[in-house]
Amino acid sequence: MRVPAEIIADEDLIRGMDEKVRQQITNVACLPGIVRAAYAMPDAHWGYGFPIGGVAAFDPDQGGVISAGGVGFDISCGVRMLATDLTAAQIRSKQQDFAHEMSRSIPAGVGSQGHIHLDDAGMSAMLSGGARWAVAEGYGTVEDLARIEEQGQMAGATPDMVSARAKRRQRDEMGTLGSGNHYLEVQEVTDIFDEAAALAYGLSPGQAVVTIHCGSRGLGHQIGTEYLREMALAAPGYGIALPDRELACAPIDSELGQRYLGVMRAGINCALANRQILTHLARDVLERFFPGCKAPLLYDVSHNTCKEELHEIDGEERRLFVHRKGATRSFGPGMGDLPPPLSKVGQPVLIGGSMGTESWVLAGDDRSETVALSSACHGAGRAMSRHQAARTWTGSGIRKDLAARGIIVTSPSRRGIAEEAPGAYKDVTRVVESAERAGLARRVARLAPLVCVKG
DNA sequence: ATGTTC
């Protein structure tokens with residue numbers, strides 16, 4: 001190991017983690033050019049190569065590497081939240097019809113297609129413009145852009161280097177949720193833990209919010225597939241001895257490393273554009289049910305990325321490439337590119353709970369820079385495999401249980417609902433409390449679901 | 001996560 005491997009969680013969470021998390025985060029700590037430590041967040045679980053919930057930063061001047069497996073298949077998968085001016089009571093008064101209409105308007109499921117069909121020129125513009133492109137195309141507003149990491153557009157994307165196959169898979173998939181743990185949820189703010197931060201974020205008890213969790217769909221997956229393979233084949237040529245073949249990587253300063261960076265950044269823009277289009281679709285439904293209502297974007301966070309950032313290491317500011325896979329950036333007050341109302345209290349850290357359970361809004365804690373290079377957890381984290389969950393529950397049973405608790409779930413896949421059963425996940429409250437105690441982020445608000453449009 | 005196995 002070149003640096004320590006640190007799991008940041010309470011004892012019970014650590015005991016509950018698969019032994020593979022320990023192995024994987026130890027392997028990451030062996031990679032060339034890694035600085036400070038390899039971190040596992042409180043919600044960490046086994047992943048491809050790197051654990052999901054893993055954070056690792058590399059210095060290009062010390063032979064540091066970039067790894068497709070350290071970003072993940074779903075490049076720039078993330079969460080955004082719209083803080084509406086509606087109350088949960090207003091949503092409840094039309095809950096059935098509203099859920100039905102939302103599920104009709106938001107394309108969901110494996111291979112789902114939207115109403116947008118991009119030609120080659122449109123695809124290139126989208127891959128370099130991100131959410132900024134989407135706004136120019138009429139999806140959402142210019143005001144949204146300040147509330148997105150990178151102001152909605154990841155610089156340094158190279159659409160020309162994205163394979164024809166990756167582009168083909170995405171041509172008809174813009175503005176779609178996809179499947180797995182992706183969802184659009186309407187939630188109620190139930191509890192506030194930090195009044196000042198809640199005020200800055202525009203959150204108050206009884207308020208309805210819309211949360212969107214999805215990523216870069218077929219394009220990100222295709223890029224991940226291609227570069228995992230290419231990096232695995234190329235690693236020996238760079239003199240990199242891999243502790244695990246799944247940790248395939250390339251030096252940041254190599255041709256392959258630079259090519260992956262540009263292509264991955266195009267994938268980030270795809271995810272930002274996708275969430276921006278879904279925001280527009282959700283606002284359309286809100287407007288039909290509640291004419292004149294407002295649903296401004298609180299913030300959009302990505303939790304599968306590698307980003308170039310400045311961090312202080314051993315008293316010296318260094319330019320690092322920070323992999324966060326199933327981990328959220330967590331800038332404290334005054335850090336980074338946050339607009340004034342957010343900068344004062346820290347970056348919103350949006351934590352999607354499992355279907356039917358609570359979700360959380362946290363605020364970046366300035367201690368997080370020292371603890372984990374300004375990173376935090378991203379969700380509940382799986383406690384049970386999809387296969388085991390599908391054997392344990394049925395989709396219709398879970399749907400009925402949730403309906404009895406006032407939560408309406410729609411999905412094209414009954415098996416998908418079973419796989420995402422609340423019992424298949426860790427206790428998100430425990431994860432969040434653990435993150436707060438460690439200084440990764442502070443609790444601001446707890447949310448309970450009303451309507452869940454599931455992928 | 002994923003045209004759920006190039």
Side-chain angles (χ1 to χ4, degrees), chain A residues 24 43-54 67-80 107-114 116-118 123 162-184 212-230 232-233 246 248 263-264 266-268 270-272 274-275 278 301-306 323-328 352 354-355 378-382 384-391 395 411-420 424-425 453-455:
Chain A
Q24 290 191 322
D43 53 337
H45 55 109
W46 168 82
Y48 187 96
F50 283 54
I52 295 161
S67 167
V71 172
F73 279 96
D74 191 3
I75 295 166
S76 196
C77 180
V79 181
R80 66 163 54 185
V110 176
S112 49
Q113 301 194 347
I116 298 168
H117 309 284
L118 295 178
M123 181 62 66
V162 176
S163 73
R165 192 167 176 181
K167 288 174 178 167
R168 191 164 58 243
R169 284 182 66 170
Q170 194 59 29
R171 189 173 291 168
D172 305 311
E173 291 196 346
M174 294 309 294
T176 66
L177 268 186
S179 65
N181 63 0
H182 291 167
Y183 59 80
L184 180 148
I212 298 169
H213 176 207
C214 65
S216 52
R217 307 285 289 106
L219 181 127
H221 188 268
Q222 185 62 32
I223 292 170
T225 303
E226 291 168 8
Y227 281 86
L228 279 165
R229 187 186 299 128
E230 190 173 350
L233 292 172
E246 291 187 359
V263 167
M264 179 210 60
I268 290 178
C270 176
L272 298 181
N274 193 31
R275 290 197 286 275
L278 286 164
V301 293
S302 294
H303 50 229
N304 278 357
T305 59
C306 179
H323 296 68
R324 294 190 184 89
K325 179 188 189 183
T328 307
S354 54
M355 176 182 64
H378 84 306
R382 286 201 84 87
M384 189 189 282
S385 72
R386 292 187 172 277
H387 188 71
Q388 196 183 346
R391 276 184 313 186
S411 174
S413 165
R414 275 198 296 273
R415 187 189 162 95
I417 293 180
E419 289 179 352
E420 292 293 319
Y425 280 82
V453 176
K454 196 76 194 142

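Computed from heavy atoms alone, side chains included, the values below leave out hydrogens, waters and symmetry copies. The sequence lines fix the lettering, A, B, ..., with proteins before strands; numbering per chain opens at 1.
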- prompt: A/Arg229 has an atom CZ; how far is it from atom P of B/dT5, in whole Å?
  reply: 15 Å

task: Kindly write out the residues that satisfy side-chain contact (heavy atoms from CB on, under 4.5 Å) with A/Gln113, not counting sequence neighbours, or none if the list is empty.
output: A/Asp172

- request: With heavy atoms under 4.0 Å as the rule, sort A/Gly72 into base, sugar-phosphate or nothing.
  value: nothing

- request: Rounded to the nearest angstrom, tell me the gap between atom CZ in A/Arg165 and atom P in B/dC6.
  value: 7 Å

- request: Please determine if a side-chain N or O atom of A/Ser179 lies less than 4.0 Å away from the OP1 or OP2 oxygen of B/dT2.
  value: yes

task: Find out whether A/Tyr425 and A/Glu420 are in side-chain contact, i.e. whether some heavy atom of one side chain is under 4.5 Å from a heavy atom of the other.
output: yes

query: Which residue lies toward the 5' end of DNA chain B, A/Glu420 or A/Thr225, if each is placed at its nearest nucleotide?
result: A/Glu420

- request: Identify whether any heavy atom of A/Gly215 sits under 4.0 Å from a base atom; if not, whether one sits that close to sugar-phosphate; answer base, sugar-phosphate or nothing.
  value: nothing

message: Rounding to an integer number of Å, can you tell me how far A/Phe73 CZ sits from B/dT4 P?
response: 13 Å

- prompt: Roughly, in whole Å, what's the span from CD in A/Gln222 to C1' in B/dT4?
  reply: 14 Å

message: Any donor-acceptor pair under 3.5 Å linking the side-chain atoms of A/Glu226 with those of A/Ser163?
response: yes

message: For A/Asn304, give me all partners under side-chain contact (heavy atoms from CB on, under 4.5 Å), at least two apart in sequence or on another chain.
response: A/Asp74, A/Cys77, A/Lys325

task: Please state how far atom CG in A/Asn274 lies from atom P in B/dT2, giving the value in whole angstrom units.
output: 10 Å

message: Just the rounded figure in Å: distance from C1' of B/dT4 to NE2 of A/His387.
response: 14 Å

statement: Whole-Å distance, A/Arg168 CZ to B/dC6 P, equals 13 Å

query: Is there side-chain contact between A/Ile417 and A/Met355, with heavy atoms separated by less than 4.5 Å?
result: yes

query: Heavy atoms under 4.0 Å, any strand shown: does A/Glu173 hit a base, just sugar-phosphate, or nothing?
result: sugar-phosphate

field: Nearest-Å distance for atom pair CD/P, residues A/Glu230 and B/dC6
entry: 18 Å

- prompt: Does A/Arg386 make a side-chain N or O approach to OP1 or OP2 of B/dT4 shorter than 4.0 Å?
  reply: no

